[in-house]
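Naming convention: chains lettered A, B, ... in sequence-line order (proteins, then strands); numbering from 1 in each chain.
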Amino acid sequence: MNLKDHLDARILVAMHAAGISDAPAVVKPSSRTGFGHYQANGMMGAAKSLKTNPRALAEKVTAVLCNDEDFNLEIAGPGFINITLSDTFLSNKLSEVRGSPRLGVEEHATRKFVIDYSAPNLAKEMHIGHLRPTTIGDAAVRILEFLGQDVIRANHVGDWGAQFGSLLAYMEQIATDEEALGAELKDLERFYQSASALFREDEAFATKARGYVVKLQSGDERCMALWRRFINESVTHCQAVYDKLNITLTPADIMAESAYNDDLPVVVKELHQNGLLVTSDGAKCVFLDEFKGKDGKPLPAIIQKSDGGYPYMASDLAAVRYRAQLLETDEALYFVGAPQQLHLRQVFAVATAAGYIGVQQKFRHLPFGSIMKSDGTPFKTRDGAAVKLASVLDEAIDRAYKIVSDKNPDLAEEDKRNVARVVGIGAVKYAELSKNRITDYIFSWDTMLSFEGNTAPYLQYAYTRIRSIFRREKIDTETLSGDLSLTEDAERLLAVKLLQFSEILDNVIEDYQANILCNYLFELAGMFMSFYESCPVLKAQPELKASRLLLVDLTARTLHQGLDLLGIETVEQM
RNA sequence: GCGCCCGUAGCUCAAUCGGAUAGAGCAUCGGCCUUCUAAGCCGAGGGUUGCAGGUUCGAUUCCUGCCGGGCGUACCA
């Protein structure tokens, strides 16, 4: 149940009964304690259009609901209606949520989604820049699936293009020594760098590399074999990173750029038939009025280059065409960096003009900023190279291991290793997810691995503290029973927070801002800690103890579910 | 030049179609462990929301103009 929507609907009905139509109730959580649990802000707006006094309107509305047992209404300020939920209402709703394996979250009407995320370039190793699209996209996938949506993961990896010429030429050069080749491919980044260095410095090699691009495009068998070998190696590397990162992508989710190769001439043909295609300076372009380049000159979307090659505009259009027409998706979400904004606007605009995207279909770009160092400069190594994602993850686990060993030396070695993995990886992911998607963010080991503040370790620790209550008395949460009763304010605050899980998920998917869920979990954990300090659980009288155990269990389940939707693991003890 | 994004406490970040006194964490300072994990809790100080206007009952939020930063702007992806 979405509590906010429920209350909004109740107020709206009362507004209609009071003779107010065509005005929203604008119910939202109260801005501060003392103003009830929720507040309805719609009376001021309604009064404006009805040219009347907002407090008088609020009087009429509250009069309709004055005998309601679910909540108490109070008028405040210029015309706010503060809603205080009754203890009975809260405990009834909590009981419902408790009995639901989905924590009271209803499944939405099913629509089909294509989520385009991660999409590394297979020519190189994944670097730190892939962290954001990968973690944020995966959280979106998990949340949409939890809400009952039909989700297709689309990993649009880069496996084609000029850069593969030098890679293949370099492979060819050392292919005679199978052992050496196998060893070289283990470090893709070095492989790429060796190949591109040769390309820059050795003219003969560069010529050969360019030849390989042509051969590859014409389907030369030996080239294709080398190419497949390389791609397999690279995919294996990516999958290892995904597994370590607890990302739900599998090789089956890969729909590579090259998969659209056969469609590219078709796209050109169809754009031509639609009368959209114009040849300019030898390149086949689509010009749309809304796109202007330097000096106000028309900005083309180049579909085919003057040398006959296809730029990524073409394969992206082919991908839109595939997703819209063959997959018949209702919605497509692109988790791609902000610098690609103009490009994707062009892709969607051309695809719309070409009739690929139907009027009911939504294609959205969800951009995000870059990762910066603490001095505000881009996150690169000293020599300017991208930082390998795999090494970032290893370092996170190493650092977490040191912290865990330091804080809990008694833990068994095997457990320490597992906690270090869960905490280290969780910290890196949570640091990404807990910040606004749009802005750049500062990467800081100390901040993300801290057990204080809005971090994964804090939440994971909160979870273990909660679970330890049950472990201490060997209580099986399956056997919990009794009535839920709320007697202390700390319990009420926790209760309301727990009931908000559903509406929070709805808020998240409005713009796929995972930080909304992170903030919620942080506040939930904080409220639990306050409750835990002021309300004894195991030492309470039997009835109170039973009631509080229900609250504790529900908090644990909500925290666990919330973290799981973010792709973050928990442990029982740390 | 034009387009998009951003500018909030010393630092890192919030603020849900415009709502009440702009909130957290870190850092600083002060309390709380013979009592369920102190990796915790409670409290204090800290702000002209880049600047100047406008819209209105009400603006961090919407509009205009500046200032500062980032990115993009025809055959790399």
Side-chain angles (χ1 to χ4, degrees), chain A residues 4 24 26 28-32 34-35 39 41 44-45 47-48 54 76-80 82 119 121 123 158 160-163 257 280-285 291-307 309-313 315-316 337-343 345 367 369-370 372 374 376 378 403-404 406-408 431 434-436 438-442 444 446-447 450-455 457-458 460-462 464-466 468-469 472-473 503-504 506-508 510-511 513 515-516 518-519 522-523 526 529-530 532-534 536-540 552 573-574:
Chain A
K4 186 179 79 172
V26 196
K28 56 178 63 175
S30 291
S31 53
R32 54 192 307 132
F35 291 161
Q39 58 185 57
N41 299 340
M44 279 87 78
K48 189 187 283 186
F80 296 99
N82 292 336
N121 181 347
W160 203 250
Q163 56 207 319
E257 264 189 302
S280 171
D281 289 345
K284 291 181 178 161
C285 311
F291 298 103
K292 297 271 187 252
K294 285 174 188 161
D295 305 322
K297 282 189 290 197
L299 183 71
I302 298 176
I303 316 297
Q304 190 172 18
K305 298 188 287 182
S306 49
D307 67 1
Y310 296 97
Y312 75 145
M313 179 67 68
S315 51
D316 278 347
Q340 296 299 324
Q341 202 212 45
L342 176 60
H343 168 71
R345 268 183 55 217
S370 317
M372 310 299 247
S374 56
I403 295 170
V404 170
D406 186 44
K407 302 218 181 202
N408 194 352
S434 61
K435 269 130 208 152
N436 185 301
I438 308 291
T439 48
D440 295 342
Y441 98 91
I442 310 277
S444 159
D446 291 341
T447 307
S450 169
F451 281 78
E452 293 163 9
N454 191 6
T455 65
Y458 172 84
Q460 289 166 325
Y461 174 65
T464 63
R465 274 187 91 177
I466 298 171
S468 81
I469 295 170
R472 192 178 177 89
E473 289 202 358
E503 74 189 51
I504 286 298
D506 287 341
N507 287 347
V508 171
E510 277 178 24
D511 277 309
Q513 289 277 27
N515 69 310
I516 292 175
C518 295
N519 286 343
F522 179 57
E523 285 168 13
M529 291 298 185
S530 301
Y532 192 50
E533 294 284 332
S534 62
V537 177
L538 297 176
K539 285 165 190 155
V552 171
Q573 230 172 325
M574 60 196 272

Choose from [options] the nucleotide whose nearest atom is closest to any side-chain atom of [X].
| X | options | answer |
| --- | --- | --- |
| A:Lys28 | B:U37, B:G19, B:C5 | B:G19 |
| A:Cys285 | B:C17, B:A74, B:C71 | B:A74 |
| A:Arg32 | B:C36, B:G23, B:U16 | B:G23 |

What does the 5'-to-3' dot-bracket notation of RNA chain B look like when only Watson-Crick and G-U wobble pairs under 3.5 Å count, and pairs to other strands show as |?
(((((((..((((.....[...)))).(((((.......))))).....(((((..]....))))))))))))....
Sugar-phosphate only, base, or nothing, as touched by [X] at under 4.0 Å among non-hydrogen atoms:
| X | answer |
| --- | --- |
| A:Asp446 | nothing |
| A:Met574 | base |
| A:Asn82 | base |
| A:Pro457 | nothing |
| A:Tyr458 | sugar-phosphate |
| A:Met529 | sugar-phosphate |
| A:Ser30 | nothing |

Scoring nucleotides 27-34 of chain B by protein non-hydrogen atoms under 4.0 Å (B base, S sugar-phosphate only, - none) yields S-------
Under the side chain to side chain donor-acceptor pair (under 3.5 Å) rule, collect the residues that match up with [X], sequence neighbours excluded.
| X | result |
| --- | --- |
| A:Glu452 | none |
| A:Gln39 | A:Asn41 |
| A:Gln513 | none |

Please state whether the rings of A:Phe451 and A:Tyr461 are parallel, tilted or perpendicular, taking 30° and 60° as the class boundaries.
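A:Phe451 and A:Tyr461: perpendicular rings.
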Protein and nucleotides 7-14 of chain B: nitrogen or oxygen contacts under 3.5 angstrom:
unit_1: B:C13; atom_1: OP1; unit_2: A:Ile442; atom_2: N; d: 2.9
unit_1: B:A14; atom_1: OP1; unit_2: A:Asn436; atom_2: N; d: 2.2
unit_1: B:A14; atom_1: O2'; unit_2: A:Asn519; atom_2: ND2; d: 3.1

